[in-house]
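Chain A is the first sequence line, chain B the second, and so forth, proteins listed ahead of strands; every chain is numbered from 1. Basis for what follows: all heavy atoms, side chains included, without hydrogens, waters or symmetry-related copies.
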There are 2 protein chains.
Amino acid sequence: MKKMTIDQVATAAGVSKSTVSRYLNGNFQKMSDSTRERIQATIRDLNYHPNRQAQTLKTKKTGLIGVVVADMANLYSAKMISGAGKVARVHQYQLLIMDSNNSFEQEHESLRQLQDQSLEGLIIQPMSRKSTDYQEIIGELPTVFVDRVTDSNQWPFVGVDNYEATRHLGSLIAKRGYQRILIISEPIDVSQARFDRVRGVKEIARRNKIQCELLEITESVPPEIRHEIKQKIGTLTQNQEPAVIFASNSRLLMQVMQLINDLQLRIPADIGLCGFDDWHWTALTNPPIASIEQDAVGVGQAAMTTVINQLERPDQVVKDQIIASTLNVRASI
Amino acid sequence: MKKMTIDQVATAAGVSKSTVSRYLNGNFQKMSDSTRERIQATIRDLNYHPNRQAQTLKTKKTGLIGVVVADMANLYSAKMISGAGKVARVHQYQLLIMDSNNSFEQEHESLRQLQDQSLEGLIIQPMSRKSTDYQEIIGELPTVFVDRVTDSNQWPFVGVDNYEATRHLGSLIAKRGYQRILIISEPIDVSQARFDRVRGVKEIARRNKIQCELLEITESVPPEIRHEIKQKIGTLTQNQEPAVIFASNSRLLMQVMQLINDLQLRIPADIGLCGFDDWHWTALTNPPIASIEQDAVGVGQAAMTTVINQLERPDQVVKDQIIASTLNVRASI
DNA sequence: TTGTACGCGTTATCAG
DNA sequence: CTGATAACGCGTACAA
């Protein structure tokens, strides 16, 4: 099964390669049925497939859209890609996926590599909130930022309104009468999304004069940090005032819940618990955990739709899209 | 920021494009330092990036490896890709990802599309166990099958030994003294993995004279099926003999657990529960659920390593790789 | 209705 | 050490 070229097809079919090319691109308007059928047959017989690179070299259309996610192994990124892929397929685009592995350096490297793949569009879940980090490397490429906003609106954004979502959650916390909140988050300075999640809860806490503390945690919670969190939780529960923990993503929520279980504390009697991200296991714990659910697939679909729109109608104005999130109220709070 | 070509760089640097090409490909051996530096400078100034399509057209090297997964929104697929991506990066390959969406037709379409992207390698989580479904479309392309074996060993396989893993689990079930097993699985005829999971449990059940029943479920459990399962569970618990349910993947496990909760049954007092796939939420429920954990990231890494090995040492014999799985014994059983 | 000839941006083989 | 020049496989004016 060696590579066939359009020339071989042409000679085999007894026509010139222009005719074959016309056939390939669906220009049948002016082509005798006999030659059309002859070409069709030889293409099938020879199992010919046009060379995409050569086509691209002429047409400048790669049909490739880059997707750079923060962490492929995270369900949010995966579902986002899933949504993007569904839309891409119907428009005949293919996805070139890069994983930043939660590292700004790797993201930059990914973008550099994508740069010379002649992508037609880009969807990115950025590691930085500084638009200057992306300006030159993205250039004029139709791009959509997902999940995390940057400090500029030169590119459309698709994602949830973290601030609004956590304000909702904050109100629920206040209504339940909690007096103290411990927010556990990954470093908030690199991601506007993380920042906004904290900000939303803090804002409501301030208004309701609820004590609110932030604990920033890097990566996968090494033993010494586990200890620190445990102590924090211990102090929290010694106090008479009812306290609640808000874990700002699914992974942290899982780990915090494990710690609470280790400490043999009862939820919500001893301490309340709620989180961000909801991949449905939260409904199965005892008690079920209140958390904010985002439609990651929907984000991916909207983002890809926007990119493709830009491609097909370049003049059209693009605007941000806020995808609704849901607060799943459950017994943990 | 228009596209620069090697010609423009050449004239700007006052050399011929051959020299620039040599520079690009690291052939400095015979090049004066002065010209080298001059080229370097102009490339930087002009922000020149070589056109991959043109390079590929000459060299036949795309640097692209295709990955076809069963369902991107499934953590197994996502983690597998994550592992594959890590290895691909260090070898400077990029991933072209396709999502079969659990559909054989979509998988076939994906493969057809990948076919003319001139991939250098392929990793596939197949929808069919018939190797003939892949024979012509894959051809000579270095390929690794992951997660699910086919009926032929012409391609290397990487994944867990489902049969062995579920036999382990079966032994535990027997040891716990259960008299009846209900296996809930997605259709087993399309995937050898599913088939083997059922087979392992059944085999141990037969040996220990435990009653064993299989319930096959398609897709996302519509209401009427939910009802059917509920009834099955009802019958199971009415009997005096201790019964256990084995859900053969994570999604089913989640849904079954929800149903058990709805029925207000106690685990394991009224009914035991265990599953396949373990994304750690299983440790947080009450009680924690016993399940089999597979190292999906490891599978992806091993698969990509195998593909790249084939690329770099084509003569080397390739062989299957079984990635160890872990039975997490927990209180649900 | 079909064929000829050229160019897309790069690498590689020659000479020089 | 460097520069012409010919491919690579395809699309497309232009010509026939």
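Formation of a donor-acceptor pair under 3.5 Å by the B/Y93 side chain with backbone atoms of B/M304 is not found in this model. A/R36 places no side-chain N or O within donor-acceptor distance of the main-chain N or O of A/F28, the cut-off being under 3.5 Å. Panel note: side chain A/T11, backbone A/D7; a donor-acceptor pair is recorded below 3.5 Å. The backbone N or O of A/T62 lies less than 3.5 Å from a partner atom in the side chain of A/E120, making a donor-acceptor pair.
Residue-level contact check: A/T56 touches neither bases nor backbone, having no heavy atom under 4.0 Å from any strand. Within the 4.0 angstrom heavy-atom criterion, base atoms lie near B/K17. Within the nucleic acid shown, A/Y48 comes within 4.0 Å of sugar-phosphate atoms alone, with no base atom in reach, counting heavy atoms only. Contact annotation for A/S21: base contact, defined as any heavy-atom pair under 4.0 Å involving a base atom. Counting non-hydrogen atoms under 4.0 angstrom, B/S18 reaches a base of the nucleic acid.
Side-chain atoms of B/Q113 and B/M98, non-hydrogen and from C-beta on, do get closer than 4.5 Å to each other.
Surrounding CG of A/D151 are more than 12 heavy atoms belonging to other residues, nucleotides or ligands, all under 6.0 Å away.
With rounding to whole Å, B/N25 atom CG is found 12 Å from C/dT13 atom P. Remark: C1' of D/dT2 and CD1 of B/I39 are 10 Å apart, rounded to the nearest angstrom. Taking atom CD of residue A/Q53 and atom P of nucleotide C/dG9, one finds them 16 Å apart after rounding to whole Å. In this structure, CG of B/D33 is placed 15 Å from C1' of D/dT2, rounded to the nearest angstrom. Taking atom NZ of B/K61 as the reference point, atom P of C/dA12 lies 11 Å away to the nearest angstrom. In this structure, CD1 of A/I43 is placed 16 Å from P of D/dG9, rounded to the nearest angstrom. Counting to the nearest Å, the P atom of D/dC8 and the CG atom of A/D7 are 9 Å from each other. In this structure, the OH atom of B/Y23 is 13 Å from the P atom of C/dT11, given to the nearest Å.
The phosphate of C/dT1 (OP1 or OP2) has no side-chain N or O of A/T19 nearer than 4.0 angstrom. Side-chain nitrogen and oxygen atoms of B/S16 include at least one within less than 4.0 Å of the OP1 or OP2 phosphate oxygen of D/dG3. In this structure, A/T35 reaches the C/dT2 phosphate: one of its side-chain N or O atoms is under 4.0 Å from OP1 or OP2. The phosphate of D/dC10 (OP1 or OP2) has no side-chain N or O of A/Q55 nearer than 4.0 angstrom.
Take the nearest nucleotide of DNA chain C for B/R22 and for B/A54: the residue whose nucleotide is more 5' is B/A54. In terms of position on DNA chain C, the residue among B/L57 and B/N27 whose nearest nucleotide sits closer to the 5' end is B/L57. Mapping B/K60 and B/M31 onto DNA chain D by nearest heavy atom places B/M31 at the nucleotide closer to the 5' end.
If you check distances only, the side chain of A/K58 never reaches the base of D/dT12 with a donor-acceptor pair under 3.5 Å. Contact annotation: side chain of A/R52 to base of D/dG9, donor-acceptor pair absent below 3.5 Å.
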